[in-house]
Structures are given as structure tokens and as C-alpha cells.
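Let me begin by presenting the structure, written as C-alpha cells, before commenting on it.
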Amino acid sequence: MKYNFEEIEKRWQDKWEREKSFAVADDADSPRYYALEMFPYPSGRIHMGHVRNYSIGDVIARFKRMKGFSVLHPMGWDAFGLPAENAAIKHGIHPAAWTMDNIDYMRKQLRRLGLSYDWDREIATCHPDYYRHEQLFFIQMLKKGLAYRKRTKVNWCESCHTVLANEQVEEGCCWRCDNEVQAREIDGWFFRITDYAEELLEGCDTLSGWPEKVLVMQRNWIGKSEGAEIVFDVKDRDGLSITVFTTRPDTLMGATFMSISPEHPVAMELAEGTGQEDEVKAFIDKFKREKARKEYGDTEKEGVFSGSYAVHPVTGDVIPIYLANFVLMEYGTGAVMAVPAHDQRDFEFASRYNLPVKLVIKPDADVDGFDVNNLEAAWEGTGHLVNSGEFDGLFNEKAKKEITAWLEKQGRGRSRVTYRLRDWGISRQRFWGAPIPVVHCEKCGVVPVREGDLPVVLPVDAVPDSAGRSPLPQLESFWRTRCPSCGGDARRETDTMDTFVESSWYFARYICPRDDKPLDKEKVDRWLPVDQYIGGIEHAILHLLYSRFFTRALRDLGWLSADEPFKNLLTQGMVLKDGSKMSKSKGNVVDPSDMIKAYGADTVRLFILFAAPPERDLEWSDKGVEGAHRFLQRLWRTVTENREHIVSASPFDSGMHSQLPDDLKKLRMKTHSTISRVTKDIDKRFHFNTAISAIMELMNEVGAVLKGAVPEGEEAPVLDDTAWSVVREALEHTLIMLNPIVPHITEELWHILGHEDDLWAVEWPEADAVAMKSDTVKIVVQVNGKVRANIMVDAGADQEAAQAAALDDANVKRHLEGKQIRKVIYVPGRLLNIVAG
RNA sequence: GCCGAAGUGGCGGAAUUGGUAGACGCGCUAGAUUCAGGAUCUAGUGAGCAAACUGCGCUCGUGGGAGUUCGAAUCUCCCCUUCGGCACCA
């Protein structure tokens, strides 16, 4: 009987589809488990990264199902996005048609992998039935102040007439036309994610099922820092003051000048009437040009004197105010007090412009190369305060609090927490996205679309023009509308939402995918948070942070109760070929479909799960795939060639274990220790590679038993009924354990062995403790820490017995010759170490 | 620069709590089968030393160096390399 994987895989896939085998009931009694993989962008074809992601998820889903859980395991499409627009421009096809074609093709590819999805729950985010709910959320967020509109600077390409995302700006130029990108101020929509900064940060501490790496990245991204705001009056300018933010209020007395961002609103005002106007204006212009090019990061620190002075809030000293290119308007207050003695950036700036340096914190211990009178670098460490008047002698960490308190009392400052996180800009001047559901009315201003009028449908009779411009602002049938408030002429918003908005709540929609309302709270609360989320590390910040925010926003709108969307997260590594990421430009792409055609889905799944643990990068190996295929061939032959004997053998009665001959006891021990090992590897660690290798060992042992039973000159093994029973037990458990990994071949062999039930629905086995117990155990004997012998002792042997047996060993004797035994360490069942000298 | 992860045979990777380093797979070598190739099966496969008996035995070895321990891939410290993230965040 030949292993015809193509025929076998198709037959089972058809059956699963026909019978909706993996559809899950919402109200099942059994415990629930929500297994989810990041849904794909329908780019055209699936790639190996998808295969890996979805194979991992499928093993978990199938395993949990066999463990008795009701498993929710859905799939869908992150279907809005720029590639569809590019394809539209290039091929003159509507983004919707292109996207739907891709979805149809990729759905077939996923089905061909035998993934156990509940396809009835499939969603595509470009469908109005999906995004209409998102539009409702938007309106509710708008009413709650969580969505708002503001004017802000963006990357603008004049020749393409569009805003570019940061990642589409290459060295200051448009990625498409190479035109220089300009900074332009335009209106855009934002989500107030900063309102949740603290909660998102604290939430990180509750995510014990997330990789530490991702949590670190999220915490850094949120970037909380605690410090103080300090108000400096500007000299001779009545009422004008500048507020700075600092994390080092303890160094206040060392402030010798002030640096403000060239974008600071008072920059020009400071220069007026001082004779510095021209220089300041030139500097600001230059800064704007360079900023558009995004070159800063390692640009040299530059600045210019503003012409004005600030008054030190404690000493009353007058310090110059500079414009400095490294001060960011977006962070803090856009102005800093410069303490060159204790901040490296200020130190460099001061050195360049010959500004005074005042040491106010003295290191407690002698520091190499530290000279109070001749600083070579800023001292950013701890120490005690000097040159600080009444604060002298304080430890600097304590001084932070005291100085802040002092300022507060004087009304010159207050403690303040700042976050690096900015509000989420969701406006896109693109066509292929969910329309933002508001209208602009000359009388009423910005008015949300009435909830009953949703969805605002993206027209299917328009395409982007050849330059990539969205057709919406020109499409009168789209934008011309009436104001929901006054009924007068109004213009629809033509911006669409960032596609990350769709992926911020799709995991909740899967729970009630056809519901008329966005979310059925009762159902959603039953399933969320997702028990296991699986995807690439590249989403460590964006998608995962947005989803965490959106979940909270939905919670506060009353749509669900969860705080966090994903309880456990597994970030899988990349699939590499020849040491680097597969890419068209490198020409090292391996197409999953080619592999499935040549070896079958089971082989591809087996290889990809075997080659590396999930979180690590995986090196693709054609030879390795062949090896995986060989293993399945061997499994196939072992079962089919011995089919008759196995089928007629009675199931093994575990009560008979003690009466088995040693070789069969050994095989049973292997069977059950493998069950134990595989269960742990899949359930606790997701280390499918070691689970598979353990099953391979079991197969090797079955093979050895069968081979050993082949009489001289014959081909088939000859065993008695008891032995066949034990072999049957081993092989059937092999099929069960392999089923989540290679579901088709195991299902087929299961039926070949006469079973009529579905293997995927069989209960996951428990290891038999009796079978795993052995009468004797092998222990290692060391002399002075070096292995000198392996001996067999009774399983319960005490140290005395083990030591006696060890001393009986010739090699051990030899190494102990002429030596005194000083100490013996005994680890029962493992080792005996004799220390002698 | 800062933060994080990782360095184990020719390769992918194992090693549960500090207890036989190299499981499993790939590759390679030899043999069986074969006209041949492929496939399959058997044996071997970290580096060395030693050995014409038989069984073996011995030394070294997890990026480098120190340390803790009866015992270290595993724990501590220092250094090197690679990858990833952040990058003037005041």
C-alpha cells in the first residue's frame, strides 16, 4: 500500500469541511480555549512564515481539542491596505477585486494545509459588515473624547499629492517618485491612547504569559519618566515665561543656560528686538529643512542664541536662552534647562558654544578621570549636592524630591510624569481603508454620521488615479452629503482609518462574526481574553499595543469586560533560507505550495515544527524536508505492513504489565514515557521539536522490536498475540500524539487500523505510571567527578547498596586504587559520585 | 550609546531542578540489496591519544578568561562575537 498523501489529504480535508468538524458552539459545557494566530494580509500567496505561524497554532488548537476543550480557532483577513492600491494602479483592477481574488486563492492554500479552523467565522475587514462596526466605535469614541481632530505636521509629497507614512520616506524623499518630502501641517484624526498610557504600562505587569522581550519593548515605547516641570521667567519680558521638563530637578542649581526647540512657539518672539532675529530665523528654517529629511539622530548639536535671557527661579541669576537642534518639541515641554555638568548633551553643547559649566553633584567615591575643575564629560551618576545653597549636602536622589517640593511651594514648578507615547494618528489620505464616519458642515463644524446611517461605504466604482491619489475628495457622489445636524449641504470626510484599527478588535468580532451589533457582550466575555495568541515579533509594539488600547477603549464604551486582549503570547521566529530572511530580491523564496505538491501538507508541517522551537528563527532545509517525509513513509509502512496482526491483536490490558517479558516491558515504558514527555512539551513549552523527536525515538524502538522478531531468511516479523498488543498500543499512541502535528496521515492510518471514530476527536492519552516504573535503573558512577562506570541497581536502592555495586566495578576499583574515600554523593536513580584522594 | 536575546559537532538542534554533553534529524563513511542510480536496510560518525589479545581504557571539549561546587552548557563576575529593538525622550 502506497502512501498517497495527495489523495489522503484531500479526502480528509473535504470531510472536515463538509462536516464542519471544527465549528465550535458558543454555549458548550466543556471548558473553553481560544487559540488565535495573527490574521494575514491577503497579499496574493501564503509564504513560509504563514505556514509556520498557522502550523503552530493548529497543533495547539488540535491538542486542546483532544484535551477536552471547546476550542475557538478562527481565521480571517486583514484586508485593507496599501498593496491593493498599488496593484490597482499597476494593473487597473479595483482594490476590492484584487483583494477578494487573493483571499479566495489564499483560503484554498490554507485549506490545503489542513488547518482546523471554524471557517464559518471567517471575516474580511474590507467588508462593510466589518468596518461599519468600527465606524460605530469611532463615533462613540469621538463622543467620548477618545477620538479627536488636530492639526499636525506630516510628511507630504507634492508630486504624489499625498501624505506619506514615516516608513515610506526614504532619506528625506518619497519612496515612489523620489521627490523631496516636505513637512506640512494638515488636519488629522487621532485616538487618545495617551489617556491609557499609565494603564497600558501597569498592564504589562499582569501579562505573565507574554515574552519578557515584548514587554520590555512596550514599556520602552510608553517611556514613562518621572520628574518636574519648572517655570523660568524671561528677563525683561513681562508675563513671558518658559516651562521646562526635567527628570533631574536635583541639578537645578547647575543650570547655566536654557535650550528650547527651534519649533517652540516663543522661539521667534524671544528674538524680537534683540538683534538676533535674522540668525534665529535662519536657524529655524535650516532646522525645518533638515527635520523633513529626518537625518537627525546622529547629527551634530547646533544652536543659536535667542537674544533673550531666563531668570533662574532659585538664584535669580540670568542665563541665556538658546535654540538647540536636539530639543524635541514633541516631548516634555519642548524646552530644557541645560545642566552641562550633569547631562552629556548639554555638556557637548556648552563645550561648542563656550557656555559655563557648574558642578552641583559630587560623586561619593573617587571616579576615574574625574576632576572637579576640568570635566571631560558630564557626571550623570549619583552623589551629594554642592554649590547648591541650602540644598548642599543632600544625596541627589533625595534632593529631587526636596527641590521639587520647594519649587511647588514657591509656585515655580511641580512634579510631573511624562510619557514618550504619543496619540495614535489614524488619518490616512488613502482610498483603500475604512472611511472615517464624519461630515464637515460649514455651520455645524465636524459632525459624526448618524449611527443609523452607517456604514459609510467605500465606493466600488472608484479607483486611485495613476499618481496614487485617493479618488474620494474628487468623487462628488461620495463626499456630497447633508449635515446630520442642520440638514444643510455638507462634505464628507475623505480620510480613511489606519488599517491597524481593524486589527485592533478582530479577535473580538470572531466571537460573534455575523451579529448585527458589533459585539455580543455576553459571548465576548465568555471567550476573551484570547488564551493563546501567536504571531511574528515584528508586531511587538504597533499591533499589540494598539489592540491593548482598543480593548480598553471598548471596555470603557461598555462593549466588553476584558482589560487585556491576549492572555498568552507566543512570538515565533522568522523562516530563513541560507541564513537570511526569504525575499524576492534575494531569490531565496521557497513556495509552500511547491513543497505541499512535492511532499504533502503533513510533511511540510512536520518539518517546520521539527526544525526549531517556535520562538527561534528557523533555517529552511530541503534535505530536512526529505527527512521529515522519510519519517512519515516509515510510519506508513510500519502500520500498513503489519496491519493484519495489529488489527487482530486485542488491546493491551494494562493490568498485565507485570507479566510481560523484559523487552515488551521496555517498549511499554517507552510508549508511556513518550506520552508524558510529549504532553509536557506541547502543553507547557510549545516545544514541538522535542515532542517530535521523542515520538521518533518511540518509532525507532517499535522498529527495533519488529526487526528483532523477523526470523532468519524471512521478511515479516513473528510475534505472539501479547507482543502484537504491545506493539499496537505503541503505534496507536504514536498516531494519537502525532495527530495535531500531521493530522491527515494519522487519521488515515487510524482508520486503516479499523477505527471508525475521528482521530482528531479522540481523547488525549494519560501516561500509565505503572508502565513507566522500572525495577532496575541505570546510574552513573563518578570518581572525583569523572564518569567511570554505568551500573544497574534496583530502582529503590539506597546509597549503601548503590555504593557496594559501584565498588564492585572493575574500572571504578582501578580509579580508587591507593586512594581514601572521603565523601560519597548519591542522587537516587541518577548518579553516585565517589570523592577520593 | 542604551536595552534585550543568543553563542553547543560538518549542519538544524537536544540536555526537566547544577548530575553520563551532543537526544532526534540532516549530512558524511563503510557494508547489504541493485546492471546502475534512487529508495530501503545494517554499522559507524565531537577532537585526539592508545591498542595486533578480550572488554575496552584515557585526555580534551558547550565563544574566551576567572570563580562557586563533590560535580557547571546550566549559577556568579569580566571580556569577545552575532542578531534584534530603541536611538539626542531632557
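Naming: A, B, ... by sequence-line order, numbering from 1 per chain.
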Margin query: Would you say A:Asn784 places a side-chain N or O within less than 4.0 Å of OP1 or OP2 belonging to B:rG71?
Written below: no

Notebook entry, point to check: For A:His687 and B:rG13, is the shortest distance between a side-chain N/O and OP1 or OP2 below 4.0 Å?
Noted result: no

Checklist line | Phosphate-side-chain proximity, A:Asn700 and B:rG25, N/O vs OP1/OP2 below 4.0 Å | finding: yes

Check: So do the side chains of A:Asp346 and A:Leu355 get within less than 4.5 Å of each other, counting heavy atoms only?
Finding: no

Margin query: OP1 or OP2 of B:rC24 versus the side-chain N and O atoms of A:Arg634: is any pair under 4.0 Å?
Written below: no

Checklist line | Toward the 5' end of RNA chain B, by each residue's nearest nucleotide, A:Arg814 or A:Asp617 | finding: A:Asp617

Notebook entry, point to check: Can you list the stems that include RNA chain B, where a stem is three or more consecutive Watson-Crick or G-U pairs with distances under 3.5 Å?
Noted result: B:1-7 with B:80-86, B:10-12 with B:24-26, B:27-32 with B:40-45, B:46-49 with B:57-60, B:63-67 with B:75-79

Check: Looking at B:rG57, B:rG25, B:rC86, which one has an atom nearest to any side-chain atom of A:Trp221?
Finding: B:rC86

Checklist line | Euclidean distance for C1', B:rA73 against B:rA87 (whole angstrom) | finding: 34 Å

Next item on the list: Evaluate the side-chain proximity of A:Ser225 to A:Val417: yes if any heavy-atom separation is below 4.5 Å, no if none is.
Entry: no

Check: Should A:Lys224 and A:Glu198 count as an ion pair when the cut-off is N to O under 4.0 Å?
Finding: yes

Next item on the list: Answer yes or no: does atom NZ of A:Lys813 have more than 12 heavy-atom neighbours from other residues, nucleotides or ligands under 6.0 Å?
Entry: yes

Next item on the list: Please report the closest heavy-atom contact between A:Leu667 and A:Glu701, naming both atoms and the distance.
Entry: CD1-CG, 4.1 Å

Note to self: Just N and O in the side chain of A:Arg788: are any of them under 4.0 Å from OP1 or OP2 of B:rC58?
What the structure shows: yes

Checklist line | Upstream residue (5' side of RNA chain B) when A:Lys707 and A:Arg685 are each assigned their closest nucleotide | finding: A:Arg685

Note to self: Could you check whether A:Glu817 pairs with A:Arg814 (Lys NZ or Arg NE/NH1/NH2 to Asp/Glu carboxylate O, under 4.0 Å)?
What the structure shows: no

Item checked: Phosphate OP1/OP2 of B:rG4: any A:Lys213 side-chain N/O under 4.0 Å -> no

